[in-house]
Asker: 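The structure follows.
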Amino acid sequence: LRLIHFFNIMGFIEISNAHKTLNYSHQTKRLQKLESELDSKNYFERLGVSRSAKESDIKKAYFDLAKVLHPDKLSRSVPPQIRDLSEKVFEKIQVAYDTLKKEERKVAYLEQLEAGQSEKLMQGDQILETAKGLIYKGHFSQAKHSLLKAIKLNPNSPEIKTHLCWVEMKIVKKLSEGFMADIDKR
């Protein structure tokens, strides 16, 4: 039994191709999802560390991920599609590590993140102004849609939250008035 196991590991024999095909399908989906998720994360989130993480914490997080996700960890029999996906995923982690491992690069990256965050806040404020115009015109549903976009860009803005709450009350009031009018007609 040990000899069969050894031959299977070495790739001299294959025991169940059907089972491996199912695993490849699942692994492909998992890697595609991971690649997509990594695209939407900053370098700190990719490595699972805080922005104030020390060089040693960054290095440990990287090596922990490498133990699991490095393409060299794949068996020789995996399809090329999985190997390609694994390389793309690991490349995203590698770029994050290369940027954060040196303090001067990390500081420069933090400055870029903060500048991008400022841009998001300004976009949120611009959308809020658009929503205010829609509210003034009585277009509450459109205003709500705009405010929901704005709150994604600036989730801590009390002004956006207040306007959203007010618009939602106006929409409910408008619906209830329509409902009451329908009842009165009957």
Asker: May I ask whether Ile171 and Ile151 are part of the same hydrophobic cluster, defined by side-chain heavy atoms of I, L, V, M, F, W, Y residues being less than 4.5 angstrom apart, directly or through others?
Answerer: yes
Asker: Is there a donor-acceptor contact under 3.5 Å from the side chain of Lys120 to the main chain of Ala115?
Answerer: no
Asker: State plainly whether the residues Lys60 and Asp64 are in salt-bridge range, i.e. N to O under 4.0 Å.
Answerer: yes
Asker: Using 0.5 Å steps for rounding, measure from the OH atom of Tyr97 to the NZ atom of Lys102.
Answerer: 8.5 Å
Asker: So which heavy atom on Ser86 is nearest to which on His70, and how close?
Answerer: OG-C, 4.3 Å
Asker: Under 4.5 Å between side-chain heavy atoms, hopping through other hydrophobics if needed: is there a path connecting Leu85 to Leu34?
Answerer: yes
Asker: Please check this pair: side chain of Arg46 against backbone of Leu38, looking for a donor-acceptor N/O pair closer than 3.5 Å.
Answerer: yes
Asker: Can any side-chain N or O of Ser40 pair as donor or acceptor with the backbone N or O of Glu37 at less than 3.5 Å?
Answerer: yes
Asker: Under 4.0 Å between a Lys/Arg side-chain N and an Asp/Glu carboxylate O for Lys132 and Glu129?
Answerer: yes
Asker: Sequence neighbours left out, what passes side-chain contact (heavy atoms from CB on, under 4.5 Å) with Lys152? Give chain and number order.
Answerer: none
Asker: Please report the C-alpha distance between Leu113 and Arg51 in whole Å, then the side-chain angles of each, then the deciding distance to 0.1 Å, and finally whether the side chain to side chain contact (heavy atoms under 4.5 Å, CB included) criterion is met.
Answerer: CA-CA 10 Å; Leu113 280 179; Arg51 292 180 184 211; 3.8 Å; yes
Asker: Who pairs with Leu148 by side-chain contact (heavy atoms from CB on, under 4.5 Å), at least two apart in sequence or on another chain?
Answerer: Lys144, Leu164
Asker: For Ile127, what residues pass the side-chain contact (heavy atoms from CB on, under 4.5 Å) criterion, not counting sequence neighbours?
Answerer: Ser146, Lys149, Ala150, Leu153
Asker: Evaluate the ring planes of Phe90 and Tyr62, with Trp represented by its six-membered ring, and classify them as parallel (under 30°), tilted (30 to 60°) or perpendicular (over 60°).
Answerer: tilted
Asker: Run the side chain to side chain contact (heavy atoms under 4.5 Å, CB included) test on Lys73 and Val68 for me, step by step, so that the C-alpha distance in whole Å, both residues' side-chain angles and the decisive distance to 0.1 Å come before the verdict.
Answerer: CA-CA 7 Å; Lys73 296 289 182 182; Val68 178; over 6 Å; no
Asker: Check this for me: Lys106, atom NZ, are more than 12 non-hydrogen atoms of other residues, nucleotides or ligands nearer than 6.0 Å?
Answerer: yes
Asker: If you measure from the Lys or Arg side-chain nitrogens to the Asp or Glu carboxylate oxygens, is any gap between Lys92 and Glu87 under 4.0 Å?
Answerer: no
Asker: Please check this pair: side chain of Ser36 against backbone of Gln32, looking for a donor-acceptor N/O pair closer than 3.5 Å.
Answerer: no
Asker: Quick check on side-chain contact (heavy atoms from CB on, under 4.5 Å): which of Arg105, Glu111, Glu104 does Val107 satisfy it with?
Answerer: Glu111
Asker: What about Tyr109 and Ile58, same hydrophobic cluster or not, with Ile/Leu/Val/Met/Phe/Trp/Tyr joined at side-chain heavy-atom distances under 4.5 Å?
Answerer: yes
